[in-house]
Each structure stands twice: as C-alpha cells, then as structure tokens.
Amino acid sequence: MIELNYSLRVAYKTALTGIANVPVFYQAVPPDQRPQEYIVFRSINSTDISTKNSSDTDTTVVVEIHTYSDVVNSGLSADAIAREVFNRIYANTQFNLSIDGGQIVHTKMQNDQTFDYTNTGGESYISRFITFKHTIFQTGDIS
C-alpha cells in the first residue's frame, strides 16, 4: 500500500484550476483572501479494498463550492461552477483523472448537497458540497 493523497491533490488542483476566475484551494482559503466565488477540495478518505493480487482503495474527495453576493444569491453561479466541476472530474462514466502511482479505474458522484443560503451582514452565501468516490488501483511506489 502506498500513499496517494498527494497525487490526488495534484490531480484535483490541476483539473479544477481555470474555471472562469474561480480560485481553487486545498482545505481552506488563505486568511488574506476573500473571493466571491471559490472552490475548496478536502477530506480525502480512503478505505482499503485490496485483494491478494493488488493494492486498491475506495477513496472519496469532497469538493466545496462557495459563493456570495450582495443582498440576494440566486445560486446560479454555484450551479454553473458545479457544472464545470462535473465536466472536469466526472464528465461521463468512462472518464477518470490520471494520478501518479495509481490508476483511477472507477469514479462516481457519491453525494451532492446544496445548502440553503444564509444572509450575514447583507451578503447572501450559498455552498454546494460534492463528494466523488474513486476506486484506485495502485500501480507503483512513488516515494
């Protein structure tokens, strides 16, 4: 068994970077930034599903989409960003990201949750959390 979280982080950062001026962060937004729309990916969790002949994991990654606007937030930007996230992570059932040290052999969307907007200080916030599940076959040691 090898550690593939870093490989997943690189693949997700690469895949999600470049969505219409939406910055992408791992775990949290730096304290000196306050973008109106942004993506945070986090919570990489793996379960060992190895066989006698292979090292394999089922691994989940949470992609958070956060938006805010003055007074009212229609949610349209969160949905447009989510559409592009799906296009880049799970375009169809045959598509899988490429990672160093492993082969993603299956991807599916495990959960997609849009939270009701909240209004704080005249700004309306909407968040959407999408959890992707990957079955990964480990192909080599990358240490």
Side-chain angles (χ1 to χ4, degrees), residues 1-69 72-121 123-143:
M1 184 71 52
I2 60 175
E3 194 287 327
L4 290 177
N5 283 11
Y6 181 73
S7 294
L8 278 168
R9 287 174 56 181
V10 169
Y12 265 77
K13 179 75 171 180
T14 300
L16 297 175
T17 296
I19 296 176
N21 299 317
V22 178
V24 178
F25 307 98
Y26 177 65
Q27 292 290 354
V29 177
D32 63 337
Q33 297 186 35
R34 192 172 182 272
Q36 194 164 352
E37 303 169 335
Y38 61 94
I39 295 170
V40 173
F41 65 98
R42 61 172 181 79
S43 299
I44 299 174
N45 294 297
S46 295
T47 302
D48 186 3
I49 59 165
S50 297
T51 67
K52 288 188 340 183
N53 302 318
S54 65
S55 294
D56 311 296
T57 62
D58 274 340
T59 302
T60 58
V61 180
V62 176
V63 175
E64 300 177 3
I65 300 163
H66 299 280
T67 65
Y68 79 86
S69 60
V72 175
N73 187 337
S74 69
L76 182 59
S77 62
D79 292 341
I81 295 166
R83 177 176 289 177
E84 192 60 30
V85 167
F86 277 106
N87 286 339
R88 292 167 180 238
I89 303 295
Y90 186 42
N92 60 61
T93 58
Q94 303 304 311
F95 177 81
N96 290 296
L97 293 174
S98 295
I99 61 171
D100 289 337
Q103 178 184 4
I104 299 176
V105 295
H106 185 260
T107 298
K108 73 177 192 174
M109 187 273 299
Q110 186 170 343
N111 190 35
D112 182 359
Q113 184 175 9
T114 303
F115 293 89
D116 293 336
Y117 82 91
T118 58
N119 193 308
T120 304
E123 295 174 339
S124 295
Y125 296 84
I126 291 183
S127 295
R128 185 166 172 178
F129 289 23
I130 306 168
T131 303
F132 293 100
K133 181 178 179 182
H134 305 286
T135 300
I136 302 173
F137 169 70
Q138 296 186 356
T139 58
D141 189 357
I142 54 175
S143 55

Taking atom CZ of R88 and atom CZ of R83, what is their separation to the nearest 0.5 Å? 14.0 Å

Between N111, T114, I65, which is the residue that forms a side-chain contact (heavy atoms from CB on, under 4.5 Å) with I130? I65

Distance in Å, F132 CZ paired with Q110 CD, rounded so as to fall on 0.5 Å steps: 11.0 Å

A quick test of your reading: do over 12 heavy atoms of other residues, nucleotides or ligands sit less than 6.0 Å from CG of N92? yes

Please check if atom NZ in K108 has more than 12 non-hydrogen atoms from other residues, nucleotides or ligands closer than 6.0 Å. no

Looking only at heavy atoms, what is the nearest atom pair of L97 and A15, with distance? CD2-CB, 3.9 Å

CG on D100 to OG1 on T139, rounded to 0.5 Å: 8.5 Å

Could you check if a side-chain atom of I89 sits within less than 4.5 angstrom of a side-chain atom of Y12, using non-hydrogen atoms only? yes

Can you find a heavy atom in the side chain of L4 that is under 4.5 Å from one in the side chain of T59? no

Just so I know, are the side chains of P35 and V29 near enough to count as touching, which here means a heavy-atom distance under 4.5 Å? yes

Determine whether V85 and F41 make a side-chain contact, defined as any pair of heavy atoms from C-beta on separated by less than 4.5 Å. no

Will you find, in the side chains of N96 and T107, an N or O donor that is under 3.5 Å from an N or O acceptor? yes

Nearest heavy-atom pair of N5 and S46: which atoms, and what distance? OD1-OG, 4.4 Å

For the student: nearest non-hydrogen atoms of A11 and I99, plus distance: CB-CG2, 3.7 Å

Gap separating the OG1 atom of T60 from the CG atom of N45, nearest 0.5 angstrom: 4.5 Å

Passing candidate, side-chain contact (heavy atoms from CB on, under 4.5 Å) with E37, options S69, P23, S77: S77

Say you draw a straight line from OH of Y90 to NE2 of H134; how long is it, rounded to the nearest 0.5 Å? 10.5 Å

Considering only heavy atoms from C-beta outward, does the side chain of R42 approach that of F25 to under 4.5 Å? no

Qualifying residue for side-chain contact (heavy atoms from CB on, under 4.5 Å) with S43, from V63, V62, T131: V62

Keeping Q138 on the side-chain end and S55 on the backbone end, is there a donor-acceptor pair under 3.5 Å? no

Taking atom CZ of F95 as the centre, does the number of heavy atoms from other residues, nucleotides or ligands within less than 6.0 Å exceed 12? yes

For S50 and D48, test the side chains for any donor-to-acceptor distance below 3.5 angstrom and give the result as yes or no. yes

Is any side-chain heavy atom of Y26 less than 4.5 Å from a side-chain heavy atom of V24? no

Within-4.5 Å side-chain heavy-atom neighbours: I81 and R128: no

Please find the pair of heavy atoms, one from M1 and one from D56, that lie closest to each other, and give the distance. CE-O, 4.0 Å

Distance-only, no hydrogens or angles: does the Q36 side chain make a donor-acceptor pair with backbone N or O of Y68 under 3.5 Å? yes

Please report the interatomic distance OG(S124) to CG(D116), rounded to the nearest 0.5 Å. 12.0 Å

Are F129 and H66 an aromatic pair, judged by ring center distance below 6.0 Å? yes

